[in-house]
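Values below: all heavy atoms of this structure, side chains included; hydrogens, waters and symmetry mates excluded. Index from 1, following the sequence.
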Amino acid sequence: TLVPPYLTIPLMDDILIPFQNGQHIVVGYNSSAGAVVEFFPGFGLFFTQVLFSGFSTSHDGGRTWTSGFLPPVSPDSPFTFGDPSLAMDRNGVIYYASLGTDEVGNSSVNINRSTDNGTSFEPAIVVVRDDGSDKEWLAIGPDPVQRSRDNLYITWTSFTATGSELHLAKSIDGGLT
């Protein structure tokens with residue numbers, strides 16, 4: 001049995017995070033509802049926005065829900081590609097790791113954070129630029145030396161034409177770097 005604040009329940013690609021008094025629930029999932037396709041005369045149809053990283057939040061134990069999409073790194077590169085992994089630190093900050101793009105459209109692993117129980121998320125921060133990134137996973141825990149600080153750990157698989165490698169990134173400043 002896991003005990004909050006590190007309680008997570010994986011459901012296939014979805015993650016639930018109950019926390020505090022059990023009234024707040026945040027769910028991350030892949031959704032194509034955030035995709036926008038526009039017609040450009042003489043050229044055809046193009047995606048002008050792809051927001052696949054969705055979330056839903058309940059503040060009443062699951063009786064009612066609101067939903068949204070993670071903000072990308074920049075409005076100039078409006079792309080998030082899902083594969084959610086959510087976790088919460090001991091201060092109640094919720095982190096949502098997912099695939100996306102950096103500010104110029106390069107593939108990346110990103111992290112967003114929420115300081116309002118999952119009602120909204122801040123714009124994404126790039127963890128790493130990696131054209132072969134997939135299967136990211138987030139964990140949060142006390143720093144082994146500075147026990148009052150929580151570290152964020154993100155792993156991902158980097159696929160190449162000749163194989164794959166598992167990578168790890170660590171943040172000691174709440175995902176800012």
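- Linking Ile, Leu, Val, Met, Phe, Trp and Tyr residues whenever their side-chain heavy atoms come within less than 4.5 Å leaves Val104 and Phe79 in two separate clusters.
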Using side-chain hydrogen bond (donor to acceptor under 3.5 Å, both in side chains), reason through Tyr29 and Ser56 one step at a time and then give a plain yes or no. CA-CA 8 Å; Tyr29 50 86; Ser56 294; 2.8 Å; yes
Audit row: Gln23, Arg63, side-chain contact (heavy atoms from CB on, under 4.5 Å) steps and yes/no: CA-CA 9 Å; Gln23 294 300 301; Arg63 286 187 295 281; 4.0 Å; yes
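- Val73 and Tyr96 are members of different hydrophobic clusters when ILVMFWY side chains are connected at heavy-atom separations under 4.5 Å.
- Residues Phe81 and Val50 have side chains in contact (heavy-atom distance under 4.5 Å, counting atoms from C-beta outward).
- By the rule that hydrophobic residues join a cluster once side-chain heavy atoms approach within less than 4.5 Å of another member, Ile140 and Ile172 end up as members of separate clusters.
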Assess the residue pair Ser98 and Asn110 against the criterion (side-chain hydrogen bond (donor to acceptor under 3.5 Å, both in side chains)); give the C-alpha distance rounded to whole Å, side-chain angles, the decisive distance to 0.1 Å, and a yes or no. CA-CA 5 Å; Ser98 65; Asn110 296 339; 5.6 Å; no
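- A continuous path of hydrophobic side-chain contacts links Leu138 to Leu176 [ILVMFWY only; heavy atoms under 4.5 Å].
- Checked against side-chain contact (heavy atoms from CB on, under 4.5 Å), Ala33 has the following partners two or more places apart in sequence or in another chain: Ser31, Phe69.
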Go through it in stages, so that I can follow the logic: the residues are Ser158 and Ser133, the test is side-chain hydrogen bond (donor to acceptor under 3.5 Å, both in side chains), and I'd like the CA-CA distance, side-chain angles, deciding distance and then a yes or no. CA-CA 4 Å; Ser158 181; Ser133 60; over 6 Å; no
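- In this model, a donor atom of one side chain and an acceptor atom of the other lie less than 3.5 Å apart for Thr48 and Glu38.
- Under 3.5 Å, the side chains of Ser108 and Asp102 contain no donor-acceptor pair of N or O atoms.
- Under the ring-ring contact (aromatic ring centres under 6.0 Å, His included) criterion, the residue pairs touching residues 145-177 are Trp156-His167, with sequence neighbours excluded.
- For Ser114 (side chain) and Ile94 (main-chain N/O), no donor-acceptor pair under 3.5 Å exists by modelled atom type.
- Residues Asn117 and Thr119 bring no donor and acceptor atom of their side chains to less than 3.5 Å of each other.
- More than 12 heavy atoms of other shown residues, nucleotides or ligands fall within 6.0 angstrom of atom CZ in Phe39.
- Annotation: Phe55 is in aromatic contact with Phe121 [ring centroid separation under 6.0 Å].
- Ile25 is not listed as a side-chain neighbour of Thr57, based on a closest heavy-atom distance of 4.5 Å or more.
- Two residues are said to be in side-chain contact when any heavy atoms from C-beta on lie closer than 4.5 Å; Leu99 and Thr80 fail this criterion.
- Val127 approaches Ala169 most closely through the heavy-atom pair CG1-CB, 3.8 Å.
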